[in-house]
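Taking it in order: structure first as structure tokens, then the write-up.
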Amino acid sequence: MEQNRKKLYTVGIDIGGTNTVFGIVDEQGHILSHDGIKTKDYPDINVYADTVAGHLRSLIEAAGGIELINGIGVGAPNANYYTGQIEQAPNLPWKGTVPLARMLRERLTLPVTLTNDANAAALGEMTYGVARGMKDFIMITLGTGVGSGIVINGRLVYGHDGFAGELGHVIVRRGGRLCGCGRRGCLETYCSATGIVRTVHEMLSSTDTPSLLRDIPLDKVTSKDIYDAAEQGDKLALEIFRFTGTVLGEAFADFIAFSSPEAIVLFGGLAKAGEYIMAPIREAMDANVMSIYKGKTRLLTSALKDSDAAVLGASALAW
Ligand SMILES: [Zn+2]
């Protein structure tokens, strides 16, 4: 009689515009092995799927074989959980709709589940991170864009079409900055990496205040630079964090009214600015939240290592 071996691992794949990374993960969130390829090198989706599958076969063999793998989770921009497709992702090399879940399932004979990167981050926090055991929280990813994953009653909210939870495109300033989505004043235009650079530019050009940031070419400024300047007591840098944190905190106060989360969890470069960003977020949140919610929602930062978070998040989909 054939013994039914316990499924010990899942596979997590994170697809970004530049890199695709994947790894084999156990139930505790340890990454056993990982590998990656350059997404941009594969404009042909069939060659891409063949290559990812080829690399994964070797990793799976080394981990003890396919019978130990519970399934594959994929995090990618514009990935639809319901259809298993990536739909019109502007930063990926494949145009239109790509049935990636089916393509990987056919090649690896394992169940494949897809979701967008911010949803995967939320699942990663819930499975291995600071949101472990929480049933209601909102994940906010602060990166090139602003993404969100909303968990209600222990489940990610997908909406009727699979695209729910685009809180980065909630309008926080009517008629404000032009957004990549074609509308104006989205949260993302103030609080993404590029949004903050726009703030740096506006503040540098509207005052004569001396600032260390004036020495950095504008297209090279990162939240790390602003942090370093703030550490030196740079007034403008502190002002930039205060403005950005206030916009975020005001928005969070509104998000709380929607789902009354136990926590809002922040992930990404900006979240590493510590109290420079957290203090103004907390103050604006408290000042703007309805009194019935006051003091009830915790503000947390991700406990997952940057380099691991994407693979862990994707792998959490496959449990
Ligand atoms: Zn937008």
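Numbers for residues simply follow the sequence, beginning at 1. Quick caveat: nothing in here was measured; it's all calculated off a predicted structure. No hydrogens, no waters, no symmetry mates; every other heavy atom, side chains included, goes into these values.
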Looking at Lys95, I want to see if its NZ is surrounded by more than 12 non-hydrogen atoms of other residues, nucleotides or ligands under 6.0 Å. yes
Is any side-chain heavy atom of Leu218 closer than 4.5 Å to one of Ile216? no
Quick one: does any side-chain atom of Ser148 pair with a main-chain N or O of Leu167 as donor and acceptor, under 3.5 Å? yes
What I want to find out is whether Glu283 reaches Arg242 closely enough, with some N-O distance under 4.0 Å, to be called a salt bridge. yes
Salt bridge Lys272-Asp306, side-chain N to carboxylate O under 4.0 Å: yes
Does the side chain of Asn78 come within less than 4.5 Å of Asn116's, by heavy atoms? no
Any donor-acceptor pair under 3.5 Å from Arg107 side chain to Arg102 backbone: no
Under a 4.0 Å threshold between the charged nitrogen and the carboxylate oxygen, would Arg173 count as salt-bridged to Glu250? yes
Ignoring hydrogens and geometry, is there a side-chain-to-backbone donor-acceptor pair from Ser260 to Ile256 under 3.5 Å? no
Answer yes or no: is there an ion pair linking Asp228 with Lys224, defined by an N-O contact shorter than 4.0 Å? yes
Between Lys294 and Asp286 (side chain of the first, backbone of the second, donor and acceptor by atom type, cut-off under 3.5 Å), is there such a pair? yes
Side-chain donor/acceptor of Thr246 to backbone N/O of Ala284, under 3.5 Å: no
Starting from Ile171, can I reach Val146 by hopping between I/L/V/M/F/W/Y residues whose side chains sit under 4.5 Å apart? no
Contacts table for residues 126-136: side-chain donor-acceptor under 3.5 angstrom, sequence neighbours left out:
unit_1 : atom_1 : unit_2 : atom_2 : d
Thr127 : OG1    : Leu123 : O      : 2.7
Tyr128 : OH     : Ser315 : OG     : 2.9
Tyr128 : OH     : Trp319 : NE1    : 3.0
Arg132 : NH2    : Tyr128 : O      : 2.9
Asp136 : OD1    : Asn153 : N      : 3.0

Hey, is the main chain of Asp161 close enough, under 3.5 Å, to the side chain of Asn80 for a donor-acceptor pair? yes
With a 4.5 Å heavy-atom cut-off, do Ile72 and Thr113 have their side chains touching? no
Within the side chain of Tyr9, is there an N or O that forms a donor-acceptor pair under 3.5 Å with the backbone of Ile60? no
ILVMFWY cluster, Leu266 and Phe243 together (side-chain gap under 4.5 Å): yes
Derivation of the side chain to side chain contact (heavy atoms under 4.5 Å, CB included) call for Glu27 and Thr10: CA-CA 8 Å; Glu27 274 174 290; Thr10 58; over 6 Å; no
Around Phe258, counting heavy atoms of other residues, nucleotides and ligands shown, do more than 12 lie under 6.0 Å from its CZ? no
Partner residues of Asp254 under the side-chain contact (heavy atoms from CB on, under 4.5 Å) criterion, sequence neighbours left out: none
With the side chain counted from C-beta on, respond yes when Leu312 and Ile31 share a heavy-atom pair under 4.5 Å apart, and no when they do not. yes
Above 12 or not: heavy atoms from other molecules or residues under 6.0 Å from NE2 of His34? no
A quick test of your reading: do over 12 heavy atoms of other residues, nucleotides or ligands sit less than 6.0 Å from OH of Tyr81? no
Atom CZ of Arg155: over 12 foreign heavy atoms under 6.0 Å: no
Under 3.5 Å: donor-acceptor pair, side chain of Arg177, backbone of Gly195: yes
What about the rings of Tyr42 and Trp94, do their centers lie closer together than 6.0 Å? no
